[in-house]
Q: 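Sharing a structure here in structure tokens format.
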Number of protein chains: 2
Amino acid sequence: MPSSRVTITDIARYVGVSPSTVSLVLRRKGAISEATKEAVHRAIDELGYVYDRNAANLRSRTTQAIGLLINDVRNPFFAELATAVQEASEEDDYLTHLLSSSENVARQSRYIRSLLEMRVAGVIVCAATGTDREALSPLLEREIPTVLAVRPLDVEGVAFVGPDNRKAGELVARHLLDLGHSDLAFIGGEPGNPARDARFGGFAAALEERGVGLNPDWVIDIRPTVTAGAIAIERLLERSPRPTAIVCYNDLLAFSASERLWAEGIAVGEDVALTGFDDLPLSRVAVPPLTTVDLKVHEIGRRASELLLDKLEHPGSEPQQVFLEPDLVVRRTCGSGCSPQNRPTQISEGEA
Amino acid sequence: MPSSRVTITDIARYVGVSPSTVSLVLRRKGAISEATKEAVHRAIDELGYVYDRNAANLRSRTTQAIGLLINDVRNPFFAELATAVQEASEEDDYLTHLLSSSENVARQSRYIRSLLEMRVAGVIVCAATGTDREALSPLLEREIPTVLAVRPLDVEGVAFVGPDNRKAGELVARHLLDLGHSDLAFIGGEPGNPARDARFGGFAAALEERGVGLNPDWVIDIRPTVTAGAIAIERLLERSPRPTAIVCYNDLLAFSASERLWAEGIAVGEDVALTGFDDLPLSRVAVPPLTTVDLKVHEIGRRASELLLDKLEHPGSEPQQVFLEPDLVVRRTCGSGCSPQNRPTQISEGEA
DNA sequence: TTGAAAGCGCTACCAA
DNA sequence: TTGGTAGCGCTTTCAA
């Protein structure tokens with residue numbers, strides 16, 4: 001069995017047909033008789049032929065591939081998004097090239113270039129923190145079909161799919177207010193980050209709506225690293241008076257906040273209420289299980305993929321902006337209102 | 001500015017040199033005068049040229065790309081591995097094509113085919129559960145440089161980089177024994193899974209070494225899903241007598257086990273000791289912070305990448321088997337021996 | 001230090 | 001239902 005230099009021409013010769021016929025069989029195009037189809041496939045097996053996508057892409061000047069640029073695969077939220085995009089695009093026979101910038105804008109730019117050089121048909125982008133219009137211009141100038149996911153960006157005429165962050169902020173705030181809290185803190189994220197601003201905006205609006213004051217001492221801005229929650233809690237504990245409920249910018253941050261409170265002997269869910277945003281799989285098995293907002297990542301990924309593939313089939317359509325409705329998920333960190341169906345036993349999937 | 005149909009020939013004409021000269025400039029090869037280099041780069045900017053990697057790959061019959069096939073990006077352990085591989089291969093100017101099979105063997109096979117069609121130079125594989133020799137044969141038959149990572153497989157002559165799982169098992173068992181425990185349970189993973197068997201093997205050996213009996217009632221086999229820990233704990237609690245220490249197959253499993261124990265009113269770290277394997281970033285901020293074994297994922301990724309790239313530069317070298325030394329990380333779930341440097345405040349990176 | 005020409009493996013296009 | 005031929009955009013090879 002010859003190594004990987006078997007070409008379509010070899011197959012053609014072997015079967016006794018023309019290269020174009022073999023190509024048609026390979027692509028399931030045109031009307032080819034069952035007999036030749038079979039013969040071609042047999043030859044492929046026998047000669048150990050492997051399709052050369054580089055040659056095909058070059059000649060056809062198209063690819064059946066999209067790029068997915070995400071800010072960090074290590075964040076479970078975005079890993080889930082990536083999985084959803086991969087699955088959805090696979091259904092339409094597109095391959096997803098997944099690249100993780102690790103929040104590094106320079107690396108992100110290199111990856112955009114790579115994607116361009118590969119001639120991907122389109123790109124889905126969860127932009128790294130600090131990305132500006134300029135950074136995306138290689139995509140926009142060449143009019144590569146692009147959809148922004150999760151992280152909105154101040155760029156005109158680009159499609160977007162993400163959560164309704166403002167609504168999410170309102171949801172937690174109202175829940176906490178309904179539980180009788182009126183001393184609410186908001187920790188994590190930095191002003192200027194659109195997701196943080198929208199969540200905080202919804203949060204603040206809900207307070208105002210109920211005539212509850214917002215204590216600026218209880219708003220802690222901090223870059224959302226895995227350790228940030230703990231630091232924010234430390235700062236918060238220095239304040240006097242202290243809040244009775246703490247809204248965290250995301251679940252990851254809530255975990256470290258929760259640990260810090262526990263370490264200080266403050267019982268989360270009893271002495272203080274705590275919430276996150278995202279609803280990671282891990283949030284169900286946190287101790288105590290975290291009350292949070294399901295941002296529908298999987299659906300975001302699916303919709304982003306659908307939007308992009310749709311754009312590829314039907315160019316020239318208006319760029320859509322999709323904001324998915326979030327769901328409040330009440331668990332144990334708020335002390336009450338816990339519904340029994342949120343018990344961990346109910347969880348059904350996810351290999352460890 | 002013309003769209004992406006600008007070719008090397010256009011650049012050549014614009015500058016007044018030949019296409020081969022432009023090609024040489026692009027690849028930083030040959031001896032080209034500074035003047036022409038500059039002129040070429042200017043032309044590239046002005047005409048908006050984008051290198052066509054498909055054409056280059058076709059002609060040169062090689063690629064500067066490797067494939068990374070992982071079983072699940074949603075598992076933070078493997079997300080970290082992916083990041084490490086990406087970073088390391090980037091240093092050698094290789095692009096990593098990251099594909100996550102989600103533990104689906106059929107999908108994994110499709111991805112292997114895609115990688116082959118892309119003509120990647122080599123592949124790193126974290127095999128999906130259930131993968132056999134046959135599944136990797138497309139790679140092996142064509143002698144594509146391959147290195148298995150994390151998950152060993154019963155395949156002759158293939159390079160491997162992973163943790164020393166047996167050692168890891170010994171480490172936790174000895175720690176627990178040192179703390180005075182003699183009633184130890186082992187939960188999660190299934191016999192036949194090499195990682196589980198090695199960890200369990202080391203665990204059992206350590207008990208035997210100290211003359212401590214192993215109660216089969218306290219060995220719970222279960223597929224390591226996110227919910228498995230809780231289920232295993234439920235089964236364990238039905239037994240009588242009960243163990244005083246519980247070793248979990250991995251950190252994710254330990255989280256749900258921990259939550260379940262908490263829900264039952266059993267204080268982890270006081271009433272019972274609990275440990276995991278992996279040392280995920282989240283394990284430091286779990287409540288209580290999880291005692292576990294650092295399997296050195298990042299280093300595994302880096303070494304796997306180095307091994308592969310080395311193989312690409314120097315073919316014909318013997319396939320190496322690298323087993324990295326694990327480190328015990330003592331935190332709070334064992335009740336004692338907690339060193340202050342494991343406080344969450346010490347964590348230094350990772351965007352949430 | 002640069003150029004001319006051939007050709008990588010495939011698909012497009014037209015013809016039969 | 002199939003075949004012939006040109007050529008996608010690059011690199012290789014050899015020559016100047």
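What you see is a predicted model, and the numbers here were worked out from it, not measured in a lab.
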Q: Can you tell me how far P of C:dG9 sits from CE of B:M118, to the nearest Å?
A: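 Nearest whole value for this atom pair: 18 Å.
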
Q: Can you tell me which residue pairs pass the salt bridge (Lys or Arg N to Asp or Glu O under 4.0 Å) test with a partner in residues 86-101 of chain B, sequence neighbours excluded?
A: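 Checked against salt bridge (Lys or Arg N to Asp or Glu O under 4.0 Å) - neighbours excluded - the pairs reaching residues 86-101 of chain B are A:R107-B:E90, A:R110-B:E90.
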
Q: Rounded to the Å, how far apart are A:N54 CG and D:dT11 C1'?
A: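 Rounded to whole Å, this separation is 13 Å.
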
Q: Please check if the side chain of B:T63 supplies one atom and the backbone of B:R119 the other of a donor-acceptor pair under 3.5 Å.
A: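 It does hold such a pair.
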
Q: Quick test of your reading: applying salt bridge (Lys or Arg N to Asp or Glu O under 4.0 Å), list the pairs with at least one residue in residues 9-21 of chain B, sequence neighbours left out, ordered by first then second residue.
A: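 Qualifying pairs, neighbours excluded: B:D10-B:R13.
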
Q: OP1 or OP2 of D:dG9 versus the side-chain N and O atoms of A:R61: is any pair under 4.0 Å?
A: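 Answer yes for this pair, as a side-chain N or O of A:R61 is under 4.0 Å from OP1 or OP2.
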
Q: Round to the nearest Å and state the distance from B:Y51 atom OH to D:dG9 atom C1'.
A: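 One finds 10 Å between C1' of D:dG9 and OH of B:Y51, rounded.
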
Q: Below 3.5 Å is the cut-off: list the nitrogen or oxygen pairs between protein and nucleotides 12-16 of chain D, distance only.
A:
| residue | atom | partner | partner atom | Å |
| --- | --- | --- | --- | --- |
| D:dT12 | OP2 | B:R27 | NH1 | 2.9 |
| D:dT12 | O4' | B:R59 | NH2 | 3.3 |

Q: I need the full list of salt bridge (Lys or Arg N to Asp or Glu O under 4.0 Å) pairs touching residues 297-309 of chain B, with sequence neighbours left out, sorted by first then second residue.
A: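 As it turns out, the salt bridge (Lys or Arg N to Asp or Glu O under 4.0 Å) pairs with a partner in residues 297-309 of chain B, which skip direct neighbours, are B:R302-B:E306.
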
Q: From C-beta outward on A:S33, which listed nucleotide comes closest to its side chain: D:dT1, C:dG9, D:dC10?
A: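 Within the option list, the nearest is D:dT1.
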
Q: Specify the separation, in whole Å, of atom CD1 of A:I32 and atom P of C:dT11.
A: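 So the CD1-P distance, A:I32 to C:dT11, works out to 13 Å.
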
Q: Please report, rounded to the nearest Å, how far the P atom of C:dA4 is from the CZ atom of B:R13.
A: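 Rounded to whole Å, this separation is 13 Å.
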
Q: Please state whether the phosphate of C:dT2, meaning OP1 or OP2, lies under 4.0 angstrom from any side-chain nitrogen or oxygen of B:T36.
A: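 Result: yes.
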
Q: Can you check the A:I11 CD1 to C:dC10 C1' distance for me, whole Å?
A: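 Checked: the CD1 to C1' distance equals 13 Å.
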
Q: Pick out the pairs of N or O atoms, protein on one side and nucleotides 14-16 of chain C on the other, that lie under 3.5 Å.
A:
none

Q: Start at the 5' end of DNA chain D and walk down; is the nucleotide closest to A:P19 or to A:A31 reached first?
A: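 Its nearest nucleotide being more 5', the pick is A:A31.
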
Q: For A:N57 and for B:T21, find the nucleotide of DNA chain C with the closest heavy atom, then tell me which residue's nucleotide is more 5'.
A: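 It is B:T21 whose nearest nucleotide is closer to the 5' end.
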
Q: Side chain of A:I8 only, heavy atoms from C-beta on: which candidate in D:dG9, C:dT11, D:dT2 is closest?
A: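 Taking heavy atoms from C-beta onward, the closest nucleotide is C:dT11.
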
Q: Which heavy atom of B:I300 sits nearest to which heavy atom of B:L295, and what is that distance?
A: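 Between these two residues, the closest heavy atoms are CD1-O, 3.4 Å.
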
Q: Name all residues meeting the side-chain hydrogen bond (donor to acceptor under 3.5 Å, both in side chains) criterion together with A:S101; count only those two or more places apart in sequence or in a different chain, and write none if there are none.
A: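 If we apply the side-chain hydrogen bond (donor to acceptor under 3.5 Å, both in side chains) test to A:S101, skipping adjacent residues, there are no hits.
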
Q: Figure out the CG/C1' separation between B:L58 and D:dT11, and round it to whole Å.
A: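 To the nearest whole Å, that distance equals 10 Å.
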
Q: Taking atom C1' of D:dC8 as reference, at what distance in whole Å does atom CZ of B:R5 sit?
A: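 In whole Å, D:dC8 C1' lies 10 Å from B:R5 CZ.
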
Q: Just wondering, more than 12 heavy atoms not from A:E313 lying within 6.0 Å of its CD?
A: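 Atom CD in A:E313 is packed in, count exceeds 12.
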
Q: Using only side-chain N and O atoms of A:S18, determine if any of them is under 4.0 Å from OP1 or OP2 of D:dG3.
A: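 For A:S18, the contact criterion (side-chain N or O under 4.0 Å from OP1 or OP2 of D:dG3) is met.
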
Q: Strictly below 4.0 Å, N to O, side chains only: are B:R133 and B:D154 in salt-bridge contact?
A: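 Answer for the salt bridge query: no.
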
Q: Please report the shortest heavy-atom distance between B:K311 and B:T146, naming the atom on each side.
A: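 Minimum heavy-atom separation between B:K311 and B:T146: NZ-O, 3.0 Å.
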
Q: Work out which heavy atom in A:A149 is nearest to a heavy atom in A:A304; give both atom names and the distance.
A: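 It is CB-CB, 4.4 Å.
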
